[in-house]
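Each residue takes its place number in the sequence, starting with 1. Indexing begins at 1, ligand by ligand and atom by atom, following the structure's order.
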Amino acid sequence: MSQQLAHDDRHGASAYGLTEQQRNFYDTFGALRLPGLMAHEFNAISDAFDEVFSSDPEGLVESHERVHFGERRLILMHMIERHPTLLALRHDPRITSVVHDVMGPDAAYLGSDGNIMWCETDWHCDIFKAPIEKRHLKVFLYLEALDASSGALRIIPGTSHYQSEFATGLRAMASRPGGAQERFGVDPRDLPYWAIENQPGDVLLGNYRNLHATFGAVGRARRVITLNYGEEPLADSDFTADMIAFAERSRLTG
Ligand SMILES: O=C(O)CCC(=O)C(=O)O
């Protein structure tokens, strides 16, 4: 199925960007769900994802990181660059316009990845190759229907304001294994959250600094593509080698 790159009225006035209210929402809470933004292309995207992963691609990394409780995750850097249907996402005006609205006109594209996760993910914020004082955006395309009990992305709204006492305290909690129990006396699953439910074809926008997690999904494959943007280009573009080294360092088993 060909990509719809031209103007597309099916998505209405918001097809080419966010409303002021959506921008306020993102700026305040750190994330935004764009229901059905890629619904028309969903089957082609899903098929392309499976085609890339089933071709045993070079650079496929299996990890069992602490943040995933030692459970299995497959990650593939440069995901969208490996298939024309996926690569079209990078230049699709529905994506470029929301990136522009969140990050401004000079946002640097930092690359993409694809993941199959059989794991849960403990609370963390994204800092890999992303200096904390710089703004970063992750565009997520989860390819499964997900809710709070089946691995929908959970965030703690407001933690994107990373310098606040609220966010600083929660990051310190999350950086320690057992931190939720130690600080609040609860299981990490019981921290207050917003679960961003997902339907195939939805697009989620997330600030890297959000404390985010997923629970309830062990052993059930979840596929996700992410496109990443920052205020500045990466100094070192060998993301794949660094990712492999990172995964090796944090490997719990094997
Ligand atoms: O889907 C998940 O389990 C977590 C994804 C995540 O943490 C990320 O992509 O930054």
For I132, the rest of its hydrophobic cluster, which grows through side-chain links under 4.5 angstrom: Y162

Qualifying salt bridge (charged side-chain N to carboxylate O under 4.0 Å, His left out) pairs with a residue from residues 114-127, counting only residues at least two apart or across chains: E120-R189, D126-K138

Side-chain H-bond candidate by donor/acceptor type, R223 with S46, under 3.5 Å: yes

Extract all donor-acceptor atom pairs below 3.5 Å that involve side chains of residues 31-38 and protein atoms in other chains or at least two apart in sequence.
residue	atom	partner	partner atom	Å
R33	NE	E197	O	3.1
R33	NE	D202	OD2	2.8
R33	NH2	D202	OD2	2.7

Enclosure of E165 CD (heavy-atom neighbours >12, cutoff 6.0 Å): no

Close-range residues for ligand 1, whose non-hydrogen atoms fall below the 4.0 Å threshold: M117, T121, H124, D126, K138, F140, Y142, H212, T214, R222

Distance-only side-chain donor-acceptor flag, Q163 / T168, under 3.5 Å: no

